[in-house]
Every structure is written in structure tokens, then in C-alpha cells.
Amino acid sequence: MLFPLAMIIYDFSAYLTTDLIQPGIINIINELQADVTLAPASVSLYMAGGLALQWLLGPLSDRIGRRPVLLAGALIFALSCLGMLFVSSIEQYFVARFIQGTSVCFISTVGYVSIQEAFGETDSIRIMAVLTSIVLLAPVIGPVAGAALMTFIHWKLLFAIIGALGLVAWGLLMLKMPETVISQGRGFKPGEVLSDFIAAFRHPVVLTGSLAVAFGNLPIITWVALSPVILIEHGGMSPGTYAWTQVPVFSGIIIASAIVANFIKDPTSPRFIWCTVPIQLAGLLTLLVGNLLSPHIWLWSVLGTSLYALGIGLLYPVLFRFTLFSHNLPKGTVSATLNILALSAFALSIEATRWLYFHGGGRMAFHCAALVAGFAVIILVSRLLKLRQQYQGLASQPANNV
């Protein structure tokens, strides 16, 4: 179990590069003499970094193995965090954030796939739920700790601490990560890789599941990106108070992950999956109704986002497993496809909701976008369940005919 522990430290550190720093992002932007409207770009560039290497890492790990690829990623992440000590301009800061974002490629496309390959369906969902519940302590404690630490520690030193954690994760991976892929001697041929990606993008289960993951996470991702502007810059909230507003949001996901890991006998059951939808809708409707009735009270935004986080947290591990294993395509390539679609949606949605907030109607327009994403999730989950049932039926036919 030291391999999952290493993944927890690596993933936890990657989360901290956003969550520990977000309470001070306005101060960082001001120190680097940049426009405050660029604050959300710190998150969107991180997401763009997470998108940049997906095309390479998934197919590469399918061919040469998961272990060497993940080890390289952990080292790159640690060095990019330590490199923040030498940043002196907003351009350098954004470049470092982009490189740090590539950790998403390595963690989700290589690390999580390795865990999925090492365990059966129910066990892997529960292990991923445990991993998620621990890793998401970063968004809970990160903003609070970041706001407190930045009162007497410079933000560059915080990145250095995160870099040291990254080195610990790299060392544990070096010692304990197993190899879950047996090399078949296939070279990295561009034509073959392109063919694999085309097959993955065209596969109905992969496409539907990836879009469900993307739309399901949009309300959380956009909240993380814009909440400092909404609550600190325009709401007049102190960084410390802002940090506490993030605790219930990510606590919702942690509670959901703990429920899946410990109390749900069959998380793949359609009955359980549909039970998560009312919770998600309750959160999204709270956002809108609360802000219509009391537009100057930030509590409704936090409460609604927290309820939604609980609902989508129950659903996410199941969506990931279904998307990855309801077919016979190469898992690294499929995981890369999922992340390309999801991270593209994240980066675009952050920029779109930033425009909506500043130019298209403020907080209400921002929350309306979350409601649209929520309805999209319902449609996509319904289709994914039907497709999974169809492909399971097709897979069992040869055995029945023998």
C-alpha cells in the first residue's frame, strides 16, 4: 500500500499548488504588478498544463510501462515548484503554473490507471474513493493554512515546501511503485498512436463518460477559479475568512468519498447512481434561489456549491471506472482521452465563466452556468448507463454461444 500512499502525497501536493496559494493570489498578482483580472488565469493555465501532455503520456505508458513515466512526472513537478523561488514576473509565474499543471497528466493518466489495473472493479472504486477523500483534505485545509502562513511566510517559500513534498512522493514511487503494464515491444509510432486516439474519441462509452466527468466537475472547478475574485476582491472578504468558506465545499467531496468507500455495497448500481442526482440538483437550485432572494449574502453560493460537491463526489469514482473499463481499448490512451476532453472543458469553462461574471451578469450568470452543467450531467449519465449495459451484453455473447 506504499504505492497508493505515494500517489496520495503526489496528488495532495499538486492540489496544494492551487489551494494553499489561492487565498493570497490577489496579493501575488499585485506583487508581480499585474492586472487583478488575471487572477483566474493561474488556475486555467494549471488546467492547460494538465492538458498539454495527455496525447503523449497515455500511449507512451501503454508502450514502455507506467512506472518510468510517472517517476519522470513526479520529478518535473517537484522541480517546477522549487523553481518558484526564482520567479520575478507574472509571465514567469504563469509558466511555472503551466509546468506544475502537467502533474495532472501524470497523476490521472498514469498513476490512477495503475491503481485501477491493480484491483477489481468494486475494490478500485473504493480505493479511489479513499484516495480522493484523503487528497481532498488539501482544498479543505489548504486555503485556511495558506491564509495563515502567508501572514508570516512569503508565498515563494510555500511553493518550496510543496516542492519538498513532491520529492518525497518521487522517492516513494521510486522504491515502491509496481509496473502494471508488460511491454510488448511496440514502438511509439505516430500513426499507431493517432489510430488509438481516434478509436477512443469515437467510442461512445469513452466520449459520453468523459463528457459526464467534465460537466460534473465544472461547477467546482469554476468556483475554485473565480471565488477569490467574487468573495475577496468584490465581496470585501479577508483572505482568512475566504479560506474558511472553502472548507464546506471540499468537505462535501470528502464526505461523499468516505460514504462510497465505507458504506455503499455496490457503487456501480444504477439505483445508487440515480440517488446522487437529487443532491446535485438541490445544490444548484440553492445557488440560484438563494442568490435571487438574498443577492448580497455569500452564504448561498457556499452552501449550494457544498451540496453539489457532495452529490458529484458520490458519483465521480463510478464515472471514472465506467469510462476506463467498459471496453477493450488501451487504458492509458483512454485515460488520456478522458483528461483531454475534461481539462479542455475546464480551461474553456473558467474563461467563459470569467467573461460571464465580469461582462455578462455577475454572480447570477455565473451560477446559471453551473445549473446548465448540472442538467448536462443528468443527460450524459443516463446515456452512459445505457451504453454500458449494451457493451456488457455484447461482451457476454461469445461466452453464451459456446
**Message:** Gln54 and side-chain hydrogen bond (donor to acceptor under 3.5 Å, both in side chains): which single residue from Thr109, Thr333, Thr337 fits?
**Reply:** Thr109
Holding to side chain to side chain contact (heavy atoms under 4.5 Å, CB included), I want the full list of residues that pass it with [X], two or more places apart in sequence or in another chain.
X	answer
Ile90	Ile29, Leu32, Ala34, Tyr93, Phe94
Ser349	Leu218, Thr222
Phe98	Ala48, Ala52
Met47	Val43, Ile221, Leu343, Phe346, Ala347, Ile350

**Prompt:** Do any pairs count as a ring-ring contact (aromatic ring centres under 6.0 Å, His included) and have a residue in residues 123-144, sequence neighbours left out, and if so which ones?
**Reply:** none
**Request:** Determine which pairs satisfy ring-ring contact (aromatic ring centres under 6.0 Å, His included) with at least one residue from residues 22-56, sequence neighbours left out, and list them in order.
**Result:** none
**Request:** List for me each residue that meets ring pair (Phe, Tyr, Trp, His ring centres under 6.0 Å) alongside Tyr357, sequence neighbours excluded, and say none if there are none.
**Result:** His234
Could you pull out every donor-acceptor pair under 3.5 Å between side chains of residues 155-173 and any protein atom, sequence neighbours left out?
| from | atom 1 | to | atom 2 | distance (Å) |
| --- | --- | --- | --- | --- |
| Trp155 | NE1 | Glu31 | OE1 | 3.0 |
| Lys156 | NZ | Val87 | O | 2.5 |
| Trp170 | NE1 | Leu71 | O | 3.4 |

Please name the pair of heavy atoms, one in [X] and one in [Y], separated by the smallest distance, quoted to 0.1 Å.
X	Y	answer
Ile21	Thr17	CG1-O, 3.4 Å
Pro143	Pro23	O-CG, 3.2 Å
Ile273	Pro267	CG1-O, 4.0 Å

Nearest 0.5 Å please: distance from the [atom1] atom of [X] over to the [atom2] atom of [Y].
X	Y	atom1	atom2	result
Asp11	Ser108	CG	OG	8.5 Å
Phe375	Leu281	CZ	CG	5.5 Å
Leu57	Asn339	CG	CG	10.0 Å
Ile279	Leu315	CD1	CG	10.5 Å

**Request:** Using only heavy-atom distances, determine whether the side chains of Ser227 and Tyr242 contain a donor-acceptor pair under 3.5 Å.
**Result:** yes
**Residues which pass side-chain hydrogen bond (donor to acceptor under 3.5 Å, both in side chains) with Ser61, listed by chain and number, not counting sequence neighbours** = Arg66
**Request:** Check the surroundings of atom CZ in Phe215: do more than 12 heavy atoms from other residues, nucleotides or ligands lie under 6.0 Å from it?
**Result:** no
**Request:** Any pair with a residue in residues 172-182 that passes side chain to side chain donor-acceptor pair (under 3.5 Å), sequence neighbours left out, goes on the list, sorted by first then second residue, please.
**Result:** Glu117-Thr180
Give every donor-acceptor pair under 3.5 Å between a side-chain atom in residues 378-386 and any protein atom, sequence neighbours left out.
| from | atom 1 | to | atom 2 | distance (Å) |
| --- | --- | --- | --- | --- |
| Arg383 | NE | Thr208 | OG1 | 3.4 |

For residues 74-83, which side-chain N or O atoms pair as donor and acceptor with protein atoms under 3.5 Å away, sequence neighbours left out?
| from | atom 1 | to | atom 2 | distance (Å) |
| --- | --- | --- | --- | --- |
| Ser80 | OG | Ile76 | O | 3.4 |
| Ser80 | OG | Phe77 | O | 2.7 |

**Asked** Hey, does Ile25 have a side-chain heavy atom less than 4.5 Å from the side chain of Ile232?
**Response** no
